[in-house]
Every structure is written in C-alpha cells, then in structure tokens.
Amino acid sequence: MKSEPDTYGIDDLAKKGGPDIWEGCRNYQVRNSFRDDMEVGDLAFFYHSNAEPSGIVGTMRIAKKAYTDPTQFDPSSKYFDAKSPVDNPRWLAPDVELVEKFDRVISLAEMREHEELSEMLVLRKGQRLSVLPVTEREWDFILKNLARGSSVGSASGHFEGESRS
DNA sequence: GCCAACGTTGGC
DNA sequence: GCCAACGTTGGC
C-alpha cells in the first residue's frame, strides 16, 4: 500500500498509536481491492512513494474492513468528490495499524537486485495503482532477507513501533 | 521538472 | 462504444 510520506508516512501511523484510516484512494481498482480482497487481519507492506528513496518502510495489518471513506463528502478535504452520491458512496477506506517499522528503507533499486522479486507488481514500469497484491513468496523473501538484514550497519535490529493494541 | 504509462472524461 | 484529449501517478 503506497503513500507519499509528505502526505501520510509510516511515522504518522506510528504516532497514531493504533488503527488509523487509509483514506483518500480515488481509483476504482483500488476501491475494489479494498472491498473484495482485503480482510481484517491481512498484512500489508507500507510503501513510501515519491520519497528519497521510494520503497518499503514497514508492515501493517488491516484493522477494520473497508467502509465509506468520509473524506469524499467533506468539501474541505482535498479528497472531496462532489460526484459521489451520498446514498451510494463511491469510495471506501480500511483502517490499518502498524505492525513493524523497519529500521531502514528497502528501496526500489534494492528490490530490483533480487531475482526472487523480479515479478513484483510494484517494480513494474508504469504501475500506478496505490494498492497492489504481493505474493506469499515475495512477502516471505522480503521479511526474511531484506527487512532487518542490512549490509550497512548490522547493529541492533530491534523492532520499532510494535503495536500497543 | 521530464515524461511514460495509463485511468478518466466527454464529444460524437 | 470509440477514441482523442486530458489528468494523475510516480520513478528518475
């Protein structure tokens, strides 16, 4: 799940100290993923887009099944959608909670170095969807090999942002 | 800031 | 329902 850290980054979720709404997605494919593919307890990577560098910064859990995104009806919100019918809302948003903040960014460039990740959708050119499926194999590979093991400074790989809930 | 990719809009 | 124009995403 992608977000621009200038808008909402993993530190914002960490600061929340519990579940927070993943608001503002205005794409029908993403809406359908929320509705059809995501259940409470599912895990996801938190991905920073338009960042220095862009990449995976942690993991989170779906804390609440996607529901009507209130920002679509809020004229003061940048996510306001005047065309969304109140009686048939277009846009959904799940709640997410932080599981782990990695102690480093797993950058796109680094992911591209690994054959095991060569099929990852997020690496595909022109892939702009902000929510993308990850295979179990990719998930396991990243957690096992990249999330904590760093070639730079292998010291103290302790978990930050452990869920307090 | 460039630009590739692709979703969305709207005229017809 | 075609498709050109336009808008957005997001890496670089």
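Atom set for the values below is all heavy atoms of this structure, side chains included, hydrogens, waters and symmetry mates excluded. Convention: sequence-line order gives letters A, B, ...; per-chain numbering from 1.
The side chain of A:K83 approaches B:dG10 more closely than any other nucleotide in the set B:dG10, B:dG7, C:dC12. Here the side chain of A:N50 is nearest to one of C:dG11, B:dG7, B:dG10, namely C:dG11. Considering only the side chain of A:Q29, B:dG7 comes nearest among B:dG10, C:dC12, B:dG7.
Taking OG1 from A:T71 and CZ from A:R26, the interatomic distance works out to 4.0 Å, rounded to the nearest 0.5 Å.
Across the protein-nucleic acid pair, A:I56 atom CD1 and C:dG10 atom P stand 14 Å apart, rounded to whole Å. Atom-to-atom, CG of A:L123 to C1' of C:dC12 comes out at 15 Å; the value is rounded to the nearest Å. Between A:Y28 atom OH and C:dG7 atom P the separation is 18 Å, expressed in whole Å. Counting to the nearest Å, the C1' atom of C:dT8 and the CZ atom of A:R26 are 14 Å from each other. Following rounding to the nearest Å, A:N27 (CG) and C:dG10 (P) show an atom-to-atom distance of 10 Å. In this structure, A:D81 atom CG and B:dG7 atom P are separated by 18 Å, rounded to whole Å. Computed from coordinates, the A:Q127 CD to C:dG11 P distance equals 11 Å when rounded to whole Å. Rounded to whole Å, atom C1' of C:dT9 lies 8 Å from atom CD of A:E4.
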Would you sort out whether A:R137 and A:E119 count as a salt bridge (Lys or Arg N to Asp or Glu O under 4.0 Å), showing the intermediate values? CA-CA 11 Å; A:R137 194 167 298 181; A:E119 303 289 307; over 6 Å; no

Could you walk me through whether A:W91 and A:Y28 pass the ring-ring contact (aromatic ring centres under 6.0 Å, His included) test, one step at a time? CA-CA 8 Å; A:W91 307 116; A:Y28 287 104; 4.7 Å; yes

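Not one side-chain nitrogen or oxygen of A:Y47 sits closer than 4.0 Å to the OP1 or OP2 atom of C:dT9. Contact annotation: A:K2 side-chain N/O to C:dG10 OP1/OP2 distance is under 4.0 Å.
A 4.5 Å side-chain heavy-atom check between A:H114 and A:I106 finds every atom pair outside the cut-off.
When the nearest nucleotides of DNA chain B are assigned to A:R90 and A:K125 by heavy-atom distance, the more 5′-ward of the two goes with A:K125.
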Can you pull every protein N or O that's under 3.5 Å from an N or O on nucleotides 4-6 of chain C?
none

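Among pairs with a residue in residues 47-59 of chain A, those fulfilling side-chain hydrogen bond (donor to acceptor under 3.5 Å, both in side chains) read A:E4-A:N50, at least two apart in sequence or across chains.
Within the 4.0 angstrom heavy-atom criterion, only backbone atoms of the sugar-phosphate kind lie near A:R112; the bases stay farther away.
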